[in-house]
Amino acid sequence: MIKVDADLCLGCKSCSNVCPSQKIVCTDTGEMRSLHWKRCKEECDLCLEFCPGRALALVPYDESVPEPEVSFELVACKICQSRYATEPMLRRIESTLPANMQKDSYGLEWIRVCPLCRRNIEAQRATRQMVLRRSRKRA
Ligand code: SF4
Ligand code: SF4
């Protein structure tokens, strides 16, 4: 079965996405994300392999050990305020990227902006650039 080091877990839910037996249950309730690991005998190792935090270990099956559970508050997007990621996930991205890549060429702190807002901003910029190019061609 799986043992979880809650201090290393990022709350990224990669493990629950890859588990073929649905033994890892992730629940997002808007403001919070909880992960619950049911006792598993399969020991396929997939969750360990895909865990970026190296938070998981295989230990012998034991009915008396409580099933692990961790919870995280979800962080709000700086633009739309929708909650989209855990703080440890965002810190991990920030710690692995060089400082000059943490903001885009417009100075936007993109890591702290949700994927939907990022897509909208990029679409708006692309449209503006296209309009600008066309108006230059006409001039
Ligand atoms: S070892 Fe395999 S079956 Fe068990 S929780 Fe991990 S991914 Fe799921
Ligand atoms: S993959 Fe690892 S870091 Fe991500 S939620 Fe699962 S245990 Fe936590």
Within a radius of less than 6.0 Å around CE of Met32, do more than 12 heavy atoms belonging to other residues, nucleotides or ligands occur? yes

With sequence neighbours excluded, what pairs up with Arg91 under the side chain to side chain donor-acceptor pair (under 3.5 Å) test? Glu87

By the rule that ILVMFWY residues connect when side-chain heavy atoms come within less than 4.5 angstrom, directly or transitively, which residues belong alongside Met89? Leu10

Partners passing side chain to side chain contact (heavy atoms under 4.5 Å, CB included) against Arg119 (at least two apart in sequence or in another chain): Pro115, Leu116

Between Tyr84 and Arg118, the two heavy atoms sitting closest are CE1-NH2, 4.2 Å

Out of curiosity, Leu90 CG to Ser95 OG, how far, rounded to the nearest 0.5 Å? 11.0 Å

Does a side-chain heavy-atom distance below 4.5 Å link Gln102 with Glu109? no

As a quick check of understanding, evaluate side chain to side chain contact (heavy atoms under 4.5 Å, CB included) for Leu97 and Ile111, giving each step before the final call. CA-CA 10 Å; Leu97 278 180; Ile111 299 166; 4.0 Å; yes

Is any side-chain heavy atom of Leu108 closer than 4.5 Å to a side-chain heavy atom of Arg125? yes

Could you go through residues 69-76 and list every donor-acceptor pair under 3.5 Å that involves a side-chain atom there, pairing it with any protein atom two or more places apart or in another chain?
residue : atom : partner : partner atom : Å
Glu69   : OE1  : His36   : ND1          : 2.6
Ser71   : OG   : Ser34   : OG           : 3.2

More than 12 heavy atoms of other groups within 6.0 Å of Glu31 CD: no

How far does SG of Cys117 sit from CZ of Arg112, to the nearest 0.5 angstrom? 15.0 Å

Please enumerate all residues that pass side chain to side chain contact (heavy atoms under 4.5 Å, CB included) together with Ser16, with sequence neighbours excluded. Lys13, Ile24, Cys26, Leu35

Trace of the side chain to side chain contact (heavy atoms under 4.5 Å, CB included) decision for Ser82 with Cys77: CA-CA 5 Å; Ser82 69; Cys77 166; 4.2 Å; yes

Tell me who clusters with Val18, hydrophobic residues only, linked when side chains sit under 4.5 Å apart either directly or through other members. Leu46, Phe50

Ser14 side, atom OG; Glu49 side, atom CD - distance, nearest 0.5 Å: 12.0 Å

Who pairs with Arg92 by side chain to side chain donor-acceptor pair (under 3.5 Å), at least two apart in sequence or on another chain? none

Check against side chain to side chain contact (heavy atoms under 4.5 Å, CB included), Lys23 and Met1: CA-CA 10 Å; Lys23 293 285 186 188; Met1 58 185 273; over 6 Å; no

Suppose we screen for side chain to side chain contact (heavy atoms under 4.5 Å, CB included). Which residues come up paired with Leu48, at least two apart in sequence or across chains? Ile2, Leu56, Leu58

Could you list all the salt bridge (Lys or Arg N to Asp or Glu O under 4.0 Å) pairs where at least one residue sits in residues 129-139, not counting sequence neighbours? none

Looking at every heavy atom in both Ser135 and Leu132, which two are closest together, and how far apart are they? OG-O, 2.9 Å

Restricting to side chain to side chain donor-acceptor pair (under 3.5 Å), what partner residues turn up for Arg33, sequence neighbours left out? Asp28

Which Ile, Leu, Val, Met, Phe, Trp or Tyr residues join Val131 in one cluster when any pair of side-chain heavy atoms under 4.5 Å counts as a link? none

Minimum side-chain heavy-atom gap Cys40-Ser21 below 4.5 Å: no

Heavy atoms, side chains only, cut-off 4.5 Å: are Trp37 and Cys15 in contact? yes

Partners meeting side chain to side chain donor-acceptor pair (under 3.5 Å) with Glu63 (sequence neighbours left out): Tyr61

Here the gap from Thr29 atom OG1 to Arg83 atom CZ, rounded to the nearest 0.5 Å, amounts to 9.5 Å

Can you check whether Leu8's main-chain N or O pairs, donor with acceptor, with Arg54's side chain at less than 3.5 Å? no

Closest heavy-atom pair, Ala55 versus Cys9, reported as atoms and distance to 0.1 Å, is CB-N, 3.6 Å

